[in-house]
There are 4 protein chains.
Amino acid sequence: MDQHKSFGSDNHAGAHPAVVGALAQANTADAPGYGADPWTGRAVSTLRAAFGARGGVYFVFTGTAANILGLSLLLRPYEGVICAESAHVNVDECGAPERILGSKLLTVPTSDGKLTPGLIGTRLHGRGDEHRAQPRVVTISQVTELGTCYSLEELKTLGEFCRAEGLRLYVDGARLSNAATHLGCSLADLAACADVLSFGGTKNGAVGAEAVVVMAEELAADAPFLRKQQGQLASKMRYLAAQFEALLDGDLWRRNAAAANAMAHRLADGISGVPGVELWQPVESNAVFASLNPEHIERLLRDWQFYVWDPAANVVRWMTAFDTTEADVDAFVADIRRTAGE
Amino acid sequence: MDQHKSFGSDNHAGAHPAVVGALAQANTADAPGYGADPWTGRAVSTLRAAFGARGGVYFVFTGTAANILGLSLLLRPYEGVICAESAHVNVDECGAPERILGSKLLTVPTSDGKLTPGLIGTRLHGRGDEHRAQPRVVTISQVTELGTCYSLEELKTLGEFCRAEGLRLYVDGARLSNAATHLGCSLADLAACADVLSFGGTKNGAVGAEAVVVMAEELAADAPFLRKQQGQLASKMRYLAAQFEALLDGDLWRRNAAAANAMAHRLADGISGVPGVELWQPVESNAVFASLNPEHIERLLRDWQFYVWDPAANVVRWMTAFDTTEADVDAFVADIRRTAGE
Amino acid sequence: MDQHKSFGSDNHAGAHPAVVGALAQANTADAPGYGADPWTGRAVSTLRAAFGARGGVYFVFTGTAANILGLSLLLRPYEGVICAESAHVNVDECGAPERILGSKLLTVPTSDGKLTPGLIGTRLHGRGDEHRAQPRVVTISQVTELGTCYSLEELKTLGEFCRAEGLRLYVDGARLSNAATHLGCSLADLAACADVLSFGGTKNGAVGAEAVVVMAEELAADAPFLRKQQGQLASKMRYLAAQFEALLDGDLWRRNAAAANAMAHRLADGISGVPGVELWQPVESNAVFASLNPEHIERLLRDWQFYVWDPAANVVRWMTAFDTTEADVDAFVADIRRTAGE
Amino acid sequence: MDQHKSFGSDNHAGAHPAVVGALAQANTADAPGYGADPWTGRAVSTLRAAFGARGGVYFVFTGTAANILGLSLLLRPYEGVICAESAHVNVDECGAPERILGSKLLTVPTSDGKLTPGLIGTRLHGRGDEHRAQPRVVTISQVTELGTCYSLEELKTLGEFCRAEGLRLYVDGARLSNAATHLGCSLADLAACADVLSFGGTKNGAVGAEAVVVMAEELAADAPFLRKQQGQLASKMRYLAAQFEALLDGDLWRRNAAAANAMAHRLADGISGVPGVELWQPVESNAVFASLNPEHIERLLRDWQFYVWDPAANVVRWMTAFDTTEADVDAFVADIRRTAGE
C-alpha cells in the first residue's frame, strides 16, 4: 500500500483499535441470533437515548443499505424523494433507490450540497396530479457530500417546512458524527428535525456498521421486515452491535470525528494563502475541497491518494480520517506547497 | 445467556478465534476501499482456484444477500426459479426473491429437501407461453434445509438435466462446507454442476461473511453493479476478505465443518434406540432432525435451546456448530434419555 | 377462422353489438381526458351504487392489470397474498404479482379452485416473524378458474374469517357476472365480503374493459396514482366507460352471462350419460370441465377449438360465451356423442 | 362539454370515424385471442414493412405503457436512461420508469426538449464504476414535449453517436405521425436511428392504441413476456389492431397529422405580430407554445381550454387535433387578438 496516509476517503482507514477489541470481546459463548443478544440490546438502548428515538434502531452493513432501509419506511410506491443532485442516494448507489425502492428521485442542483425550503419548493408542483410522482420525502445529508454542514437553525427551518408541507425528512448521516462535532451539539439536536436518520459508524472508525434510527414509533413497524427483505439482517448481530458499543463508550465517536475534523482544518490552514490553491467549499467536517492547477493535481497524484471531484473545474477532495496525524497533514501540506511552486 | 450449549442454530455460536484474529491483523494501515485491497485479492484468488471458478468471487454480508445476488445474475424479469418448498429462498427470506429480484418461485414439495429431475420436470410446463413465468433457474441447497446432502452423482445428474433443458443451476451453499466434509470431496467437486453458488462463512465460524462464486466468465459482468445496488458492497472489504482468508488457511473451513458434523453424528448415535425418539431425516451434516413425544419436547425446551421444526409432526431440529464439544452433546443426550424415561 | 363456434375461451367471442354501438355513440365532440368526462362519471356512479362501493371505481384494460391494481391497494412490500394454486394471478399473469407488485404468493392446492378458512389457515404461520413474508391478503376468484362459484354463505364465512384474522380479501371477478347470474344475487351481494374486487367486462361482451371496485373509502387514495404508474390510465377514458355503460344498461351484463351460463348447462346436459365422458367439476358458470378418452379429445380437436386443461388427467375445458347459440352447443354435443362412439 | 373546440390536448378529440368503423367491422365472429387473429397479423405486417422493423410490433393501450415496454427491452437492472428533463417518461408517468422498470433516469436540462450528443455526453461519466447507474439507453421524443422535431440529420447524428458510444436509442413516438408529416419523410426514415420506438395512435385519431416497434430481431425475444407481465396483453387484440389498420389504410395517420399540423401553423400565423404574444418554440407539429400577458391568459381560460405550461414564464400550450377546423382556429385567433387588445 501507499507509504503516505491516504486522503482519498475516510473509508481507507482501518478500524479504531477499541472497535476491533470490542469485536474480540464479543466473541465469547453462544448468543441468540438476529439481534436478540445483549450487545444489541445495550447498543440499541444507548442509541435510542442518545437520539431521543422512540421508533427504534436497526443496524445494517453499509451506507447504501441504511439509506434504502430508512427511505423505505417513509414511501408509498408512487411517492418521490427530493434530494440534492450531489446526494449519495442519487450519485453513488448504482440506482438502488430506483431499483430496490422503486422510487423517483426529484433532484435539485445546489451550490453547496444543501437543500433549502426554496430549493425544495421548486420540486413541489404537481401534488395531487396522478401523472406525477408525488413528492413525499426530503432527504438531506449531514455532513453533505461537499463537506458542508447544516446549522441547527437550518435544520429547524427545514423540519418545520417539511412538517408544514406534509413532507417527511430523512437524514443520510454517514458522517453525522463529524457534523455533531463541528456544530458542538448532541445527536438528539441533529435528530430533532428528522423522521428517520442513519448514523454512520464505518467512516468513523468502525469495521463496517451503520444504524438506522427511527424517531417516531409509528414509522418503525415495517423496519424489521424490510431490513430482512433487503438482505441486511445479521444473524450474528452482536458483531455489529459491539462496534457501536465501542464507538459509544466514552463518546469515542465524537473523539474520532473531532480528530478527523481537526486534521481537515489543519490541512485547510496549511494551504491557506498558497497561490493558485483555493478552497471551493468551507471546511465544516473532515473534507477539504479545493481547486488548484491541473498540472499540480497530476503531480500530487503521483505520490498521494485523493479524488479529483470535478475535473472540469479542477476541484479535488481531500478527506481526513480518525487516524490521520498532524505529521500526515504536514507532510501533505509541504508537498502541496512545494508543488505549487513556493 | 444459556448455561448449556445451544442446539438452536449454528449461528448461535460465535466466530472461530482464528477469524477474529485475522480481523485484528487486517486492522493495520490504510487500504483501498471496495475490494481493491490485498486481503480481498488473495481471498478471491484462493476461492477462485478452490472452486475452479472462472467468473469471479463476490463477498456479501448475509445468506439472503448471497442468494439474491447469485440469482440476480441468472434471471430475466419474466423468468422463474424452481426450488423446493422448504428452500431458504422460499421460506426464510421475507419475500426478498419476489421483492428484490421480482421473480416468481416455482416451488415443489419434497420429502427430504432435495430436487430431482422428475420433481423439476413438474414445473417445466408452459415454456414459451407468454402467460407463464418462464422456468429458467433451478436452485438447490447443499446442505438442504433438512440437513441432507446431494451426492456427487445426484449433482452430476442435476447439472446434466439442467443443461439439457436450458436451465441454470444455482446452489445455496450456506452450509457448503458441511456438505464437502460429509461427502469427502472438494469445493470444486460440488461446484462442477453449478452456474453460480454461494459459499457460507457465517454458519461455519465467521463473524459474518458469505461468498458468491460465479463459475462461468460470461455470467460475472453484472455482479459488481448488482452487488452495489443491492447494498452489499463493503467499503472496508478487507474485513470480509480476512474472514475468508482465515477460514481458507489450512482448510479451517473443513476442520470446522468436520467438527460440527461429527457432533451431529455423536448426537444421533447417542439417541439411537431411545424409545419414542426417531430420526426424521438421515444425518448428513450438522443437523439432526428427530421426532419425539411432544411432552418430552416441551420438557427439554425448559433447559435447552432448539427449534420445533414441525409442530404437527413433533419434529425438532438440533444443530451443532464448529465449537460444539463432546461434553455438550453428551450432556444433551443424557437429558434426552432421561426425559424419554429411560 | 373456424367455421364452428369456439369453445376455447369466452374471449374468442367478439363484443356485444350494444357495446360497439355505445363506443360509436361516445365518438362525438371533445371530451376531457383521463376520466373527467361524462361517460366515466355516469358509469362510475352506476357501478358504485351497484356494488355499494364507497371507495371508488377505476377502469383498466385487462384482467391482469385489474388484479395487479387491486392487490397493490392492499399490500405493504413484505406482505404476501394467499391464493389457490390454480389462481389466475399465480398461473396466468407471467409473474406480474412478483414483478410489478413485488409480492410473494402463498399458494394452496385445492380440489375445486376454492379457498376455505381451513386452507387459508395452512398459510398463516410465521406471522410477526421477520424472516417470513407476512400473509395479508386473501384472493379468491369468483367464478374460479375451474368454473366453480363460492356460495353467498361461503363468501360470508370467508369475509368474517379474514376480518377476524386481520386479512384483507380481494376478489378476482373477471367472470363476476357469471357468478351473480348463477347465484341469482346482486353485485353488492358478491361484494359484501370483499375489500376490493374486479368486475370483468371483456369476457362478457365488452371490447376490452375491466373495473377495479374499491369498497372502503380509505383504500382508494392510492388508486389514481397506482393506475397511472401501472400504465392503465386511459387518456380517452370515455371509450372504456361507454363499454360499461352499455353493459350496465338494462343489466345487459346479466343477460349476457345468463346466456353463456345456460349454454354451459345445455352442453353439460347434452353429454350427460355419454359413456367415457365425465364432468370433472360441477357446472356453475359458463365453463364445462370434463374428462374423456384422450383419443376422442384428439379427434374433437380436429374440428373444434377448446383447451386440454390437464393432459395427464385427460381433462378438457369447454367455455361458452354470451353469443354461443343453442345450435352451436347442439352441433358440438352431437359431435362429442358421435366421437364417443354412440 | 365546451362549446368551443379544445386546444387543451390532442387527446380531448374523439376518434376518427374510420377508426370506429373499423372497430365495428372487426366485431364479427370468433377470433383467436392474444393477437393470433387476422387483424393483428395484417396490422403488424404493415407496420413492420412501414418501419423496416425486423424485431416485431407489439400493441399496447397507453403511451406510458409503450414507453415502459419499449425501454424494458433495452435495460439491465443497473442501467439508466438518459432523457431530457421535459421528457414524458420523466414528468408525466407517475414514476413508472423507476417503479415498473426499476431504472434511473439521467435527466438533462434542454431549451427545446431535444437532446444532442453534447448534452448526452454530460451524463456519460462513471461508466464502468460500480457505484453509478450505468448509462445505457438514450430516449428522445419525436415530436418532443415542446412541440419541436428532430431533423433527419439530427436523428442520424444521434444514432451514430449512440452506436459509437455503446448506447441504445429509444424513441417515444406518441406523436410520431406529426413528426413524419412535418419532416415530409417516411416512418422508416424516422426509425433508422432507433433500436425501439413507439408509434402513437391515440393522439392521432385512434380510440386508444399504441404500437411498440422493435427494429432489431435480437431485441424482440422478451417482448411478448414483458408485455403480458406489464398488463398490456389484450385478449381481444383485434380491436387494437383494427384501429391501426384504419390509421394505416390510405395513410390516414398522415392525413390526420397533416390536418393537425396545418391548424397549428394557422394558429401561429394568426397570432403573428400580435403585441405581447410571442412564440416560445418554433411550430413543428400540432403544438403552439406561446407566452402572453398573464391577465390575457386568465381571460382566455374563461372561454377556452388549454394548459398553462410554465406559470412563471407565462407560457401556454395550444394543441390542435386531427379534427380541429379552420373555423375553430379562426375563432380562437380572433379571441386572442381581441383579448390582446387590438
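Numbered from 1 within each chain, the chains take letters A, B, ... in sequence-line order.
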Q) Looking at Thr64(A), Thr107(A), Val91(A), which makes the most heavy-atom pairs under 4.5 Å with chain D? A) Val91(A)

Q) What closest approach, in Å, do Ala133(A) and Gly95(D) show between heavy atoms, and which atom pair accounts for it? A) CB-N, 4.1 Å

Q. Looking at Glu79(D), Glu93(D), Glu130(D), Arg99(D), which one has more heavy-atom pairs under 4.5 Å with chain A than the rest?
A. Arg99(D)

Q.
Can you confirm whether Leu101(A) sits close enough to Glu98(D) that some side-chain heavy atom of one is under 4.5 Å from a side-chain heavy atom of the other?
A. no

**Q.** Contact check, side chains of Leu105(D) and Lys104(A), non-hydrogen atoms, under 4.5 Å
**A.** yes

Q. Of the backbone (N, CA, C, O) and the side chain (C-beta and beyond), which part of Asn90(A) lies under 4.5 Å from a heavy atom of chain D, both, or neither?
A. both

Q.
Counting neighbours of CD on Glu278(D) that are heavy atoms of other residues, nucleotides or ligands and sit closer than 6.0 Å, is the number greater than 12?
A. no

